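A short write-up of the structure that comes next.
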Amino acid sequence: MPKSGDALEKFYIATAIPYVNAPPHIGHALEFVQADVIARYRRLLGEEVYLATGADENSLKNALAAEKLGISTEELCLRNSEAFKVLVDSMGISYSAFIRTSIKGDHWKTAQDLWSLCNKNGDIYKKKYKGLYCVGCELFYTENELVDGLCPEHKTKPELVEEENYFFRLSKYQNMLEQLLTSFKIKVTPHFRGNEALGFIKAGLEDFSVSRSVKRAHGWGIPVPGDESQIMYVWFDALAYYLTAAFFSVDEKRFRSLWPVDLHVIGKGITRFHALYWPAMLLSAGLETPKEILVHGYITVEGQKISKSLGNVIDPAALLKKYTSDEIRYYLIRDIPSFDDGDFSEKSLIDRVNKELLGDLGNLVNRVLTLAEKSGLKEFRGNSELESGIDIGSVQERFSNLELHEALERIMEFVRKCNAYVNSKEPWKLQGQELESVLYNLLESIRIAAILLFPFIPTTSLKISKMLDFEIKGISDCRFRDSFTGKITRQGYLFRKIE
RNA sequence: AGCGAGGUAGGGUAGCUCGGAGUGCCCGCCGGGCUCAUAACCCGGAGAUCGGUGGUUCAAAUCCACCCCUCGCUACCA
């Protein structure tokens, strides 16, 4: 809730950073959009929002892929990360920082500083690690990952390999983590994801490996401070990115103004890392734990899981050639539940755009503009009978519960009510004060709808604000003013019908 | 197997905490209306044994018990 008068409240929100060994797919776009919608909403509340994202590049897979292609790993990462950066930019994501973890500099120093803090606290120690290692994958497998005792990729028998690595004392934080989660000091949304994490804790936490040999890592990754023979485990360094983006090692004052993370936006596959490993690492380093973690589901395509072998990977870059970023943003939030898996289909994307963006919103704006222009009026006053058509409090509640699809649904319900209002009032038959009052209601309603829709479809909202000559500043403007006086200028259609 | 979530019209959902006529929303389907609007918009209708069985109750989608089905999580996977 906005607190007028007080200093600006900060809101630090961050997406997970995607592995860049594959190009972006629609699931990445979903996460970016969700984070951006929340970020833009918090700005409307008057908060100082900091949105971090980036690319996770220190994976062994990158080193292996680069070797295959005969290029340097740096070159490969640059190339692949660029695709993510382009996606983030073209989806209109209002990020404050884009961190690439393979770039030697702030991030390396931050990851190493975090390591040193944990180490100083006695939570990092050396241990012999024995595991089933597949030479082909260059990965350790657990018993139950194997298929008939063989590597699922190569169908070969993995070797029993022993290696000395550093371990993080996760077990030490078992009780503290349980306490943080049950007391909602770390709130996991939706709730059942938090229960999963708690269930995991109850089964007993074991320390986890946080390094591997330079050889096994192919020399790729961030060196362990004080031990040149070891490279940090990718997760340790990837999680440290949240500190890097907040200037942890370079600007203490700024860091203190940003920390802790108010909201992590992540996929369901990495809940454990964010709800358990990461808070434990922060506790060890003496840093504040995140306040909330939003866990979204995965996107299926025509009911099928996304996978390369099925060839059903949806390339958001290709979508962006056919549809505007607002159209894709709208579809992703509208059709994919915030907390669960959702199905992608281009047909329903087209349906949503044609039916709702064009048919409901675009049509409303267009018909009201025409009526307002024809009226010749410059100022509009009247009763405020349409104002009750939307319950701002209810929309805000949905936002703060992170039920983005529900928030959007409420707003679009209002848009439909406005269309019904036009039909029932038949303003084309009215004149004088009656006509003015109807137009006043519609213009004010469109203005409010545009503000509320701004987090979802910012480009469209800005277009509307230009046509009706108002500014999008904050949620507090979402109530009827005494009169509507904006200069109305038509600037074409908001949406084109997709055939 | 253990823990968790869920099964509501052809599809997708809300309602369930704190029982009160199967109530709501979106898509699809059928019929009508309007002409301000991008064949857009509005209204009405058909369509559900609210997973099953049993129980509590004057009354159950909602509470209790049992069963069936689906899906997540269970150590390094957006």
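Just so it is clear, the model here is predicted, and its values are computed rather than measured. As a basis for the values below, the full set of heavy atoms in this structure was taken, side chains included, without hydrogen atoms, waters or symmetry mates. Within every chain, numbering begins at 1; the chains are lettered A, B, ... in the order of the sequence lines, protein sequences first and strands thereafter.
Atom CZ in A:Arg416 sits about 12 Å away from atom C1' in B:G24, given to the nearest Å. Rounded to an integer number of Å, the gap from CG of A:Leu442 to P of B:C41 is 16 Å. Per the geometry, CG belonging to A:Asn21 stands 9 Å off P belonging to B:A78, to the nearest Å. Atom CD in A:Glu406 sits roughly 13 Å away from atom P in B:C26 (whole-Å rounding). Atom pair A:Asp340:CG and B:A5:P shows a separation of 13 Å (rounding to whole Å applied). Taking atom CG of A:Leu369 as the reference point, atom P of B:U38 lies 11 Å away to the nearest angstrom. Atom CZ of A:Arg367 is separated from atom P of B:C42 by 7 Å (rounded to the nearest Å).
Here B:A78 is the nucleotide among B:A40, B:U35, B:A78 with the atom lying nearest to any side-chain atom of A:His25.
In this structure, A:Tyr298 counts as stacked on the base of B:A78 under the 5.5 Å centre distance and 30° plane angle limits.
For A:Lys429 and B:C36, the shortest distance from a side-chain N or O to OP1 or OP2 is not below 4.0 Å. The shortest distance between the side-chain N/O atoms of A:Lys425 and the OP1/OP2 oxygens of B:C42 is not below 4.0 Å.
Within residues 169-182 of chain A, no residue places a heavy atom under 4.0 Å from RNA chain B.
Nucleotides B:G47 and B:G11, compared at atom C1', are 13 Å apart to the nearest Å.
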